[in-house]
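Within every chain, numbering begins at 1; the chains are lettered A, B, ... in the order of the sequence lines, protein sequences first and strands thereafter. Remember, predicted model here, so these are calculated numbers, not experimental data.
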Number of protein chains: 2
Amino acid sequence: MKKNAEINATPVCQLRMQAISDAMSLLSGKWKFHILGTLMEGHKLGFMDLLREIEGIGTKMLSKELQDLEMNNLVSRTVLDTKPITVKYAITDYGKTLSPIIDELANWGISYRKAVYGKV
Amino acid sequence: MKKNAEINATPVCQLRMQAISDAMSLLSGKWKFHILGTLMEGHKLGFMDLLREIEGIGTKMLSKELQDLEMNNLVSRTVLDTKPITVKYAITDYGKTLSPIIDELANWGISYRKAVYGKV
DNA sequence: GAAAGTACTTTCCTATAGGAAACTATCTAT
DNA sequence: ATAGATAGTTTCCTATAGGAAAGTACTTTC
């Protein structure tokens with residue numbers, strides 16, 4: 001007799017799996033959490049500010065990731081009518097709902113590093 | 001005058017960024033959370049059980065991801081002396097410390113889906 | 001002795017992620 | 001006029017992720 005899935009076949013598990021896939025598809029990649037974390041600290045930063053704050057990122061990735069985040073309503077982009085024009089990026093209210101995840105992830109990472117390398 | 005990073009230059013931010021990178025390097029990829037989530041529900045599952053439970057995964061990825069997770073002490077692998085041999089995978093105590101993150105992520109994903117598609 | 005179940009590994013392939021460097025375009029200060 | 005700041009885009013390249021399919025090896029059941 002051929003076995004079928006049992007655990008993940010329940011509706012509640014299917015929903016959770018789907019939800020995790022959804023979340024990860026928005027948040028995966030090397031830079032998203034860094035950008036979101038920086039904007040949570042920084043409130044309204046320009047493109048060049050972010051480029052300076054996030055060590056290692058290049059213009060292409062920053063530009064692309066900001067577009068992704070904006071499309072998913074996690075970050076807002078505002079063009080200011082200054083001379084020369086400046087652009088301000090900020091985290092949206094919806095983006096702020098990610099802060100528990102980011103905090104959990106950061107705390108877990110800190111304790112993991114302690115566990116592996118023994119203190120800091 | 002050239003500007004430097006200010007926000008992320010603080011030691012506490014550097015620590016958090018490092019921690020997030022650490023965590024993501026262990027948990028990134030399409031299948032890790034699915035595997036961990038399934039093992040949290042299932043307590044001790046064989047390779048074929050996991051293959052059945054996790055819809056869409058293939059043998060190569062399952063094998064590779066399990067090795068990664070085992071190496072990082074999030075999952076344990078036990079060969080049982082049965083005939084034919086069977087292997088049981090289980091989540092470790094350390095792996096269980098990820099459950100708050102997985103829960104947060106799942107809940108966030110569920111509310112995101114509601115917000116985007118309006119109810120389920 | 002053939003089928004089917006256990007647990008994988010290996011090979012081959014494509015798609016995506018991500019980095020470096022150059023380029024566009026506008027404006028300000030010297 | 002030139003340097004430097006704003007905010008990106010475009011091109012070219014490589015590395016990694018991930019999937020499909022076949023193969024390995026052993027054992028039990030029919």
Side-chain angles (χ1 to χ4, degrees), chain A residues 1-6 17 20-21 24-36 38-39 42 44-72 75-90, chain B residues 1-6 17 20-21 24-36 38-39 42 44-72 75-90:
Chain A
M1 183 183 118
K2 199 163 145 208
K3 287 189 224 167
N4 289 313
E6 288 176 8
M17 290 291 180
I20 288 170
S21 292
M24 290 307 286
S25 78
L26 303 187
L27 302 172
S28 66
K30 190 171 170 181
W31 300 111
K32 300 243 170 61
F33 282 119
H34 290 84
I35 294 171
L36 291 168
T38 304
L39 287 174
K44 289 180 186 286
L45 294 170
F47 188 85
M48 295 306 285
D49 295 326
L50 285 165
L51 205 57
R52 276 185 290 266
E53 294 290 343
I54 302 169
E55 205 185 308
I57 200 170
T59 55
K60 195 193 77 170
M61 287 309 294
L62 180 56
S63 174
K64 192 216 144 217
E65 297 291 62
L66 283 169
Q67 281 172 26
D68 282 2
L69 294 169
E70 194 195 350
M71 218 185 322
N72 290 317
V75 159
S76 68
R77 178 181 185 272
T78 315
V79 178
L80 300 179
D81 193 15
T82 52
K83 302 261 176 161
I85 59 152
T86 46
V87 177
K88 292 293 168 195
Y89 291 95
Chain B
M1 182 184 122
K2 198 162 147 209
K3 286 188 220 167
N4 289 315
E6 288 176 5
M17 290 292 180
I20 289 170
S21 292
M24 290 306 286
S25 78
L26 302 189
L27 302 171
S28 67
K30 191 171 170 183
W31 301 111
K32 299 242 173 60
F33 282 119
H34 290 84
I35 295 171
L36 291 168
T38 304
L39 287 174
K44 291 184 185 281
L45 295 170
F47 187 86
M48 295 305 286
D49 295 326
L50 285 164
L51 205 56
R52 276 185 290 266
E53 293 292 342
I54 301 167
E55 205 184 307
I57 200 170
T59 55
K60 195 193 79 170
M61 288 310 293
L62 180 56
S63 174
K64 192 215 141 215
E65 298 292 59
L66 284 169
Q67 281 172 28
D68 282 2
L69 293 169
E70 194 196 347
M71 217 184 323
N72 291 317
V75 160
S76 68
R77 179 181 186 271
T78 315
V79 178
L80 300 180
D81 192 15
T82 52
K83 303 258 171 159
I85 59 152
T86 46
V87 177
K88 292 295 167 193
Y89 292 96

Test item: N4(A) and R52(B) side chains (from C-beta on) under 4.5 Å apart, heavy atoms: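 In short, these two side chains do not touch, never coming nearer than 4.5 Å.
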Could you check whether any side-chain heavy atom of M24(A) comes within less than 4.5 Å of a side-chain heavy atom of F33(B), counting everything from C-beta outward?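 M24(A) reaches F33(B) side chain to side chain.
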Ignoring hydrogens and angles, answer whether the base of dT6(C) and the side-chain atoms of T82(B) contain a donor-acceptor pair closer than 3.5 Å.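 No, the side chain and the base share no sub-3.5 Å donor-acceptor pair.
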Starting at atom NZ of K88(A), determine the distance to atom C1' of dT6(D), rounded to an integer number of angstrom.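 To the nearest whole Å, that distance equals 10 Å.
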Which one of K32(A), E70(A), K30(A), K60(A) satisfies the side-chain contact (heavy atoms from CB on, under 4.5 Å) criterion with E65(A)?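 Only one of K32(A), E70(A), K30(A), K60(A) forms a side-chain contact (heavy atoms from CB on, under 4.5 Å) with E65(A), namely K32(A).
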Once you apply a heavy-atom cut-off of 4.0 Å, does T86(B) come out as touching a base, just sugar-phosphate, or nothing?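 Sugar-phosphate: the residue T86(B), judged by heavy atoms under 4.0 Å, touches backbone atoms but no base.
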Closest to side chain of F47(A), choosing from dA21(C), dT28(C), dA7(D):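 The answer is dA7(D).
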If we ignore angles and hydrogens, is there a donor and acceptor under 3.5 Å between the side chains of T59(A) and S63(A)?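 T59(A) vs S63(A): no donor-acceptor pair found between side chains.
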Report each atom pair, protein N/O against N/O of nucleotides 12-19 of chain D, whose distance is under 3.5 angstrom.
residue: dG18(D); atom: OP1; partner: K30(B); partner atom: N; Å: 2.9
residue: dG18(D); atom: N7; partner: K60(B); partner atom: NZ; Å: 3.4
residue: dG19(D); atom: OP1; partner: K30(B); partner atom: NZ; Å: 2.5
residue: dG19(D); atom: OP2; partner: W31(B); partner atom: NE1; Å: 3.1
residue: dG19(D); atom: N7; partner: K60(B); partner atom: NZ; Å: 3.2
residue: dG19(D); atom: O6; partner: K60(B); partner atom: NZ; Å: 2.3

Between [X] and [N], does any side-chain N or O lie under 4.0 Å from OP1 or OP2?
X	N	value
S63(B)	dT9(C)	yes
R52(B)	dT6(C)	yes
Q67(A)	dG8(D)	no

